[in-house]
Amino acid sequence: MQTWLSLEYDHAETLSLGDDEIRTPDALVEEFLRRHSEPGDAVLDPFAGYGTTLTVAERLDRVPYGVEYEPERVEHVRGRVDHPEHVRQGDARELDPSGFPDCAICFTSPPFMERTDDRNPFENYAGESSYDQYLDDIETVFARVDETLEPASTVVVDVSNMKYQGRVTTLAWDIADRLADVFAFDGEVVVGWDDPDAAEDEDQFGYGYDHSYALVFSKTED
Ligand SMILES: C[S@@+](CC[C@H](N)C(=O)[O-])C[C@H]1O[C@@H](n2cnc3c(N)ncnc32)[C@H](O)[C@@H]1O
């Protein structure tokens, strides 16, 4: 398996509502849905955001399901997909597996946290949290996701480390470490982002890098 990709940092559609910086480029979702699922398969994104995983999945004839915390984003995603009832508003930490079919793949990108931040990413940076609590919450979400997955299915997490004011938060590595408690870790794919519109600015992607990781896991047998 090739463990690096070079992709253009681009989105198929410009959205009326949207913070492009947090959107996953379609090409990355497409790459992993093609690698790890088939037409007709159910696909889950517990942090649906503006709906990239769901819209790409539909384009590839998969059947997407999503959870998103922000009601405004939920309405937005519902307007972009064929089955709006598959898009649930809620907290992924409380995801109810009985509300979903068995999924062949989970492709997602969680809200990010810098290690000195004390705002809670799981409440869209309202409320308080800590980096250790954040990692506990990540593990909680994916333990729930695990219960929605069919045997031998795949989980792909799009995440990067973060460079902020000269400090590095090893977010990708810390998430990989925590999720290896839930799934078998198959390894990382390094994704180099080419952004033709970006200025020569190290903060061009908000997190301080021009690469990210697709962390790939497999469901373990019970
Ligand atoms: C990195 S963004 C995902 C972007 C998405 N991949 C896209 O392309 O639009 C993370 C999303 O997680 C959502 N989120 C934050 N806390 C959440 C929670 N507790 N439960 C579900 N979603 C949550 C945020 O509102 C945000 O939209």
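Each ligand, and each atom within it, is numbered from 1 in the order the structure gives.
Counting only heavy atoms of the protein, atom 25 (O) of ligand 1 lies nearest to E68 OE2, 2.6 Å. Nearest protein neighbour of atom 17 (C) of ligand 1, counting heavy atoms only, is Y69 CB, 3.5 Å. The closest protein non-hydrogen atom to atom 8 (O) of ligand 1 is T52 OG1, 2.5 Å. The nearest heavy-atom contact from the protein to atom 15 (C) of ligand 1 is P121 O, 3.5 Å. Atom 6 (N) of ligand 1 has T24 OG1, 3.0 Å as its closest protein atom, hydrogens excluded (heavy atom only). In terms of protein heavy atoms, atom 20 (N) of ligand 1 is closest to A92 N, 2.8 Å. Looking only at heavy atoms of the protein, atom 26 (C) of ligand 1 is closest to R73 NH1, 3.2 Å. Protein heavy atom at the shortest distance from atom 4 (C) of ligand 1 is I22 O, 3.1 Å.
One finds no salt bridge joining R80 and E58 here, because no Lys/Arg side-chain nitrogen approaches an Asp/Glu carboxylate oxygen to under 4.0 Å. Ion pairing of E123 with R93 is present here, as a side-chain N (NZ or NE/NH1/NH2) and a carboxylate O approach within less than 4.0 Å. Electrostatic pairing of R88 and D96 does not count as a salt bridge here, judged by no charged N lying under 4.0 Å from a carboxylate O. At a threshold of 4.0 Å, the pair R78-E75 counts as salt-bridged, since one of the basic side-chain nitrogens sits closer than that to a carboxylate oxygen.
F47 and F142 have tilted rings, their planes meeting at an angle from 30° to 60° on a 0 to 90° scale. Relative orientation of the F217 and F183 rings is tilted, given thresholds of 30° and 60° on the angle between their planes. Taking the six-membered ring where the residue is Trp, H86 and H83 present parallel rings, their angle staying beneath 30° rather than reaching 60°. Between H211 and Y213, the ring planes are perpendicular. Angles over 60° get that label, and only those under 30° would be called parallel.
In this structure, the ring of Y69 has its center no less than 6.0 angstrom from the ring center of F122.
When the heavy atoms of P46, P110, P71, A48 are ranked by distance to atom 21 (C) of ligand 1, first place goes to P46.
Near G51, meaning under 4.0 Å from one of its heavy atoms, ligand 1 places the atoms 9 (O). Near N124, meaning under 4.0 Å from any of its heavy atoms, are these atoms of ligand 1: 24 (C), 25 (O). Within ligand 1, counting atoms from 1 as listed, the ones closer than 4.0 Å to a heavy atom of Y50 are 7 (C), 9 (O). Each of the atoms 20 (N), 21 (C) of ligand 1 lies under 4.0 Å from some heavy atom of G90. Listed by number with element, the atoms of ligand 1 under 4.0 angstrom from any heavy atom of E70 are 25 (O). Remark: ligand 1 atoms within the under-4.0 Å shell around heavy atoms of F122 are 16 (N), 17 (C), 18 (C), 19 (N). Atoms of ligand 1 lying under 4.0 Å from at least one heavy atom of S109, given by number and element, are 1 (C), 2 (S), 3 (C), 10 (C).
Contacts with ligand 1 closer than 4.0 Å are made by no heavy atom of T108, backbone or side chain.
Once rounded to the nearest 0.5 Å, the distance linking OH of Y9 with CG of L28 reads 10.5 Å. Residue M113 holds its CE atom at 10.5 Å from CD1 of I138, rounded to the nearest 0.5 Å.
Residue D91 has at least one nitrogen or oxygen atom sitting less than 3.5 Å from a nitrogen or oxygen atom of ligand 1, judged on distance alone. Residue contacts with ligand 1: F47 is placed with no nitrogen or oxygen under 3.5 Å of a nitrogen or oxygen of the ligand (distance criterion only).
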### Message
Run the side-chain contact (heavy atoms from CB on, under 4.5 Å) test on K219 and V155 for me, step by step, so that the C-alpha distance in whole Å, both residues' side-chain angles and the decisive distance to 0.1 Å come before the verdict.
### Response
CA-CA 8 Å; K219 183 177 174 70; V155 175; over 6 Å; no
